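Nothing fancy with the numbering, it's 1 onward along the sequence. All values reported here derive from a predicted model rather than from experimental measurement.
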Amino acid sequence: MRALVWHGKEDIRCDTVSDPEIEDGRDAIIKVTSCAICGSDLHLFHNFIPAMLPGDVMGHETMGEVVETGRGLNGKVKKGDRVVVPFTIVCGECDQCKRGYFSVCQRSNRKKHLADKVFGHTTAGLFGYTHLTGGYPGGQAEYLRVPFADTTVQKVPEGIPDEKLLFLSDIFPTGWQAAVQADIQPTDTVAIWGCGPVGQMAIRSAILLGAEQVVAIDCLPERLEMAEAAGAITINFETENVVERLNELTGGEGPEKCIDCIGMESHVSPAMPDTVYDRAKQILLAESDRPHVLREMIYVCRPGGLISIPGVYGGFADKVPMGAAMNKGLTFRMGQTHVQRWTGDLLRRIEEEQIDPSFVITHEVPLDRGPEMYRTFRDKQDSCIKVVLKP
């Protein structure tokens, strides 16, 4: 089959690789009908997250049709089922899964020993996202093996286009969880850094959850226009002072809730000296992450406020002002998304036309153009916000 394969830093190729096979009774094989490039894939593209190996298949936003099943599924997932594949692989039986903490499933990471060493304890297996999370082949391919298919996949109905359903695999639940864990109240100002795909979903989620005002921060006009169309107040950080503008919008009090949809690769600009410092340390391998947004959120957040972090951080961040965070009494909530906790409710919202997640798609191309589109997405060329690939 054809698949997008990691060969090293900024080297993704469309290769022919072996077709997946059933390896366990709870496996299913999916014929991929649509997949997407995620912002967190760029962290792998740039080789900022360790434990990728040449030959690893990329991708964790996937949907398609079940074409083969293991005997242990007992009819729970059947040939011909149309499914979305969340990026989190979950057993459904461990203590964490029973509590709904699916992204820290205790059984699905088949390379648990690596995660134990790096993180202290293992987290869930993830599709196409390094050997720290199991080294599972990803879904930017013609076919995908899904372990624990009966508890991992979300069945979806016919009659709704792939484009409306595909993002149940990651960015829609990720934006939703970011807003839900912010515990939004009707009087809250919610400030969201980053208007990429996850940021756009977080903006709409915060509005659906009843925030008084949502403020979206970015520098790309097409992203800011998309955020404004949803009802957000926008700040272009290249032409406005973010801290001053947020204080103006909140009567000098600061936003109650701040959401970081950027993560480890904050924009680098001489106008923000700490970003230059972080980039220099990255080049010297003295720091893995660029946490400008995290610093800014801690500084501007209202005392007693809450910081929600769906943006991916990969290792070590320098000069994070923990003194300010502690003295202001800020609460932090973060983590990979517990996708299966949200997919049923979000599917209902799509069916009831509360939201159509396909609004974020700007490019839809064949799979073999994937390597080209990684560069287009990275460089934000051609107003690129979200790429969908068709195998």
Checking Thr69 against Lys79: is there a side-chain donor and acceptor pair closer than 3.5 Å? no
Lys112 atom NZ, neighbour heavy-atom count above 12 within 6.0 Å: no
Do we see a donor-acceptor contact under 3.5 Å between the side chains of Thr343 and Gln154? yes
Membership question, hydrophobic clusters at under 4.5 Å side-chain separation (ILVMFWY): are Phe127 and Ile30 in the same one? yes
Same hydrophobic cluster for Val5 and Val365, using side-chain heavy-atom links shorter than 4.5 Å among ILVMFWY? no
Flag for Gln140-Asp41: side-chain donor and acceptor within less than 3.5 Å: yes
Main-chain N/O of Leu208 paired to Gln354 side chain as donor or acceptor, under 3.5 Å: no
Should Asp345 and Arg348 count as an ion pair when the cut-off is N to O under 4.0 Å? yes
Side chains of Asp116 and Thr122: any donor to acceptor distance under 3.5 Å? no
Salt-bridge present (Arg145, Glu21; N to O < 4.0 Å): no
Less than 4.0 angstrom from a charged side-chain N to a carboxylate O is my criterion; do Glu364 and Lys386 meet it? no
So, Arg26 and Asp150, do they make that salt bridge, N to O below 4.0 Å? yes
Do you see a donor-acceptor pair shorter than 3.5 Å between the side chains of Asp278 and His292? no
With a 4.5 Å cut-off on side-chain heavy-atom distances among I, L, V, M, F, W and Y, is there a chain of contacts connecting Met373 to Leu44? yes
Determine, stepwise, if the pair Val293 / Met297 fulfils side chain to side chain contact (heavy atoms under 4.5 Å, CB included). CA-CA 6 Å; Val293 165; Met297 288 197 308; 4.1 Å; yes
Applying a strict under-4.5 Å side-chain criterion to I, L, V, M, F, W and Y, I'd like to know whether Trp193 and Leu224 cluster together. no
Does a donor on one side chain sit under 3.5 Å from an acceptor on the other, for Thr189 and Gln213? yes
Is the shortest distance from a Lys or Arg side-chain nitrogen in Asp15 or Arg2 to a carboxylate oxygen in the other one below 4.0 Å? no
Check the orientation of His60 and Phe87. Use parallel for under 30°, tilted for 30 to 60°, and perpendicular for over 60°. perpendicular
Only one of Ile171, Ile192, Val312 forms a side-chain contact (heavy atoms from CB on, under 4.5 Å) with Val198, so which one is it? Ile171
Taking atom CD of Glu353 as the centre, does the number of heavy atoms from other residues, nucleotides or ligands within less than 6.0 Å exceed 12? no
Taking atom types as modelled, find out whether Tyr374 and Asp11 have a side-chain donor-acceptor pair closer than 3.5 angstrom. no
Look up atom SG in Cys261 and atom CG in Asp218, then write down how far apart they are to the nearest 0.5 Å. 10.5 Å
salt_bridge(Glu222, Lys380) N-O dist < 4.0 Å: no
Looking only at side chains, do Thr234 and Arg223 share a donor and an acceptor under 3.5 Å apart? no
Should we say atom OH of Tyr299 is surrounded by more than 12 heavy atoms from elsewhere, each under 6.0 Å from it? no
Quick check for you: to the nearest 0.5 Å, what is the distance between Thr88 atom OG1 and Arg341 atom CZ? 11.0 Å
When hydrophobic residues are tied together by side-chain contacts of less than 4.5 Å, even through go-betweens, does Phe316 share a cluster with Ile283? no
So OG of Ser103 and CD1 of Ile89: to nearest 0.5 Å the spacing works out to 12.5 Å
Whether over 12 other heavy atoms sit under 6.0 Å from Lys9 NZ: no
If you take the centroid of each ring, where Trp contributes its six-membered ring, are His338 and Tyr101 closer together than 6.0 Å? yes
Under 4.0 Å between a side-chain nitrogen and a carboxylate oxygen: does that hold for Lys31 and Glu68? no
Pair His363-Phe377, ring-ring contact (aromatic ring centres under 6.0 Å, His included): steps then yes or no: CA-CA 10 Å; His363 293 70; Phe377 185 36; 9.2 Å; no
Are side-chain N/O atoms of Asp183 and Gln181 paired as donor and acceptor at under 3.5 Å? no
Full working for side chain to side chain donor-acceptor pair (under 3.5 Å) between Asn109 and Tyr136: CA-CA 9 Å; Asn109 189 341; Tyr136 290 98; over 6 Å; no
Electrostatic pair Arg349:Glu352 at N-O distance under 4.0 angstrom: no
I would like to know whether His7 and Ile12 meet side chain to side chain contact (heavy atoms under 4.5 Å, CB included); could you show each step before the answer? CA-CA 6 Å; His7 285 273; Ile12 305 292; over 6 Å; no
Name the one of Glu265, Arg290, Glu287 that satisfies side chain to side chain donor-acceptor pair (under 3.5 Å) with Gln282? Arg290
Is Lys155 salt-bridged to Glu65, going by a charged N under 4.0 Å from an acidic O? no
